[in-house]
Asks: 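After the structure tokens below, expect a handful of questions from me.
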Amino acid sequence: MNGVVEAANKTIKRILRKIVDNHSQWHEKLPFALLGYQTSMRTSTGATPYMFVYGTESVIPTEVEMPSLRVIQEAKLDDAEWIRVKQEQLMLIDEKRIDAVCHGQLYQNRMASAFNKRVKPRQFTTEQLVLRKIFPHQEEAKGKFAPNWQSHYVVHRALLDRALILAEMDGRVNTKPINSDIIKRYYV
């Protein structure tokens with residue numbers, strides 16, 4: 001959830017940068033940036049955040065000043081008819097949300113297939129020289145300018161599911177399998 005909030009904040013800041021001339025007036029333009037964020041269509045869901053919360057698309061201030069077809073149609077309805085239309089819209093909220101979930105799943109599948117087209121699986125064989133990635137939580141990580149790879153391992157055995165058993169250069173075999181995603185070939 002925290003990542004979603006950070007992404008939303010980043011988007012709102014990007015919108016504010018586009019509409020604010022100097023940094024001292026950002027608080028005056030914030031309502032407009034929020035309205036723009038809430039009423040813009042998301043590619044991943046095919047809907048706006050406003051529609052998910054309220055079950056209908058928002059009426060932006062421009063539509064009130066220069067009435068759109070939707071505003072004109074709603075203005076001509078009497079109270080009973082307006083209530084009936086709003087109740088129908090409320091009943092369709094779940095259907096719209098299900099559509100958005102399906103749209104989101106299709107979007108994720110498209111993104112995954114586009115990513116997977118560029119991925120080249122690494123194949124390792126025994127006796128290959130390899131390097132192992134150093135992660136920030138490891139004691140070998142000594143700061144910003146330290147190397148990112150531990151060097152000089154030999155592939156002792158390649159297992160199924162892209163796991164490897166590595167051996168040190170002196171012949172000692174590590175018993176713990178390692179994912180091949182954190183290994184790269186070492187060329188002498």
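In this text the structure is predicted, and so the values were computed from the model without any measurement.
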Asks: Please tell me if the side chains of Leu131 and Asn148 come closer than 4.5 Å, counting only heavy atoms from C-beta onward.
Replies: no

Asks: What are the two closest heavy atoms between Ala163 and Pro177, and how far apart are they?
Replies: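 For Ala163 and Pro177, the tightest heavy-atom pair comes out as CB-CB, 4.3 Å.
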
Asks: I would like to know whether Ile183 and Val155 meet side chain to side chain contact (heavy atoms under 4.5 Å, CB included); could you show each step before the answer?
Replies: CA-CA 10 Å; Ile183 303 295; Val155 176; 5.7 Å; no

Asks: Kindly work out whether a path of hydrophobic side-chain contacts (I/L/V/M/F/W/Y, heavy atoms less than 4.5 Å apart) joins Tyr50 to Met41.
Replies: no

Asks: List in chain and number order the residues that pass salt bridge (Lys or Arg N to Asp or Glu O under 4.0 Å) with Arg185, two or more places apart in sequence or in another chain; answer none if no residue qualifies.
Replies: none

Asks: Going by the rule ring pair (Phe, Tyr, Trp, His ring centres under 6.0 Å), which residues pair with Tyr186 if we only count those two or more places apart in sequence or in a different chain?
Replies: His152

Asks: Can you list the residues that meet the ring pair (Phe, Tyr, Trp, His ring centres under 6.0 Å) rule with Tyr37, with sequence neighbours excluded?
Replies: none

Asks: Using every non-hydrogen atom in the two residues, find where Gln128 and Gln123 come nearest and quote the distance to one decimal.
Replies: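 Nearest pair, atom of Gln128 first, then Gln123: OE1-O, 4.0 Å.
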
Asks: What is the distance from atom CD of Glu127 to atom NE2 of His156, rounded to the nearest 0.5 Å?
Replies: 8.5 Å

Asks: Show your working on side chain to side chain contact (heavy atoms under 4.5 Å, CB included) between Trp149 and Lys133 and close with a plain yes or no.
Replies: CA-CA 4 Å; Trp149 297 91; Lys133 182 146 182 70; 3.6 Å; yes

Asks: Could you give all pairs that pass the ring pair (Phe, Tyr, Trp, His ring centres under 6.0 Å) test and reach residues 112-134, with sequence neighbours left out?
Replies: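 For residues 112-134, and leaving out neighbouring residues, there are no ring pair (Phe, Tyr, Trp, His ring centres under 6.0 Å) pairs at all.
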
Asks: Would the number of heavy atoms belonging to other residues, nucleotides or ligands and lying under 6.0 Å from NZ of Lys29 be above 12?
Replies: no

Asks: Between Thr39 and Leu35, which heavy-atom pair has the shortest distance, and what is it?
Replies: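 Minimum heavy-atom contact is OG1-O, 2.6 Å.
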
Asks: Can you give me the closest heavy-atom contact between Val154 and Met169, atom names plus distance?
Replies: CG2-SD, 3.6 Å

Asks: I'd like to check Gln105 versus Val101 (side-chain heavy atoms, cut-off strictly below 4.5 Å). Are they in contact?
Replies: yes

Asks: Looking at OH of Tyr187 and CG of Leu129, how far apart are the two atoms once the value is rounded to the nearest 0.5 Å?
Replies: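 Going from OH on Tyr187 over to CG on Leu129, the span is 10.5 Å.
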
Asks: Over all heavy atoms of both residues, which pair between Val20 and Gln25 is shortest? Give the atoms and the distance, please.
Replies: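 So the minimum-distance heavy-atom pair works out to CG1-CG, 3.8 Å.
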
Asks: Can you tell me how far the CH2 atom of Trp26 sits from the CD1 atom of Ile19, to the nearest 0.5 Å?
Replies: 12.0 Å

Asks: Could you give the distance from CG (Leu106) to OG1 (Thr45), rounded to the nearest 0.5 Å?
Replies: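 Spacing of CG (Leu106) from OG1 (Thr45) equals 12.5 Å.
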
Asks: Would Leu34 and Ile15 satisfy side chain to side chain contact (heavy atoms under 4.5 Å, CB included), going step by step from the backbone distance to the final call?
Replies: CA-CA 9 Å; Leu34 291 173; Ile15 293 169; over 6 Å; no

Asks: Quick test of your reading: applying side chain to side chain donor-acceptor pair (under 3.5 Å), list the pairs with at least one residue in residues 163-176, sequence neighbours left out, ordered by first then second residue.
Replies: Asp170-Arg172

Asks: To the closest 0.5 Å, what do you measure between OG1 (Thr48) and CD (Gln38)?
Replies: 9.0 Å

Asks: Please round to the nearest 0.5 Å and tell me the distance separating atom CD1 of Ile165 and atom OG1 of Thr126.
Replies: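 Spacing of CD1 (Ile165) from OG1 (Thr126) equals 13.0 Å.
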
Asks: Under the ring pair (Phe, Tyr, Trp, His ring centres under 6.0 Å) rule, collect the residues that match up with His103, sequence neighbours excluded.
Replies: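 Once residues adjacent in sequence are excluded, His103 has no partner under the ring pair (Phe, Tyr, Trp, His ring centres under 6.0 Å) criterion.
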
Asks: Quick one, Leu164 with Leu159, criterion side chain to side chain contact (heavy atoms under 4.5 Å, CB included). Give me CA distance, side-chain angles, the key distance, then yes/no.
Replies: CA-CA 6 Å; Leu164 303 171; Leu159 304 172; over 6 Å; no

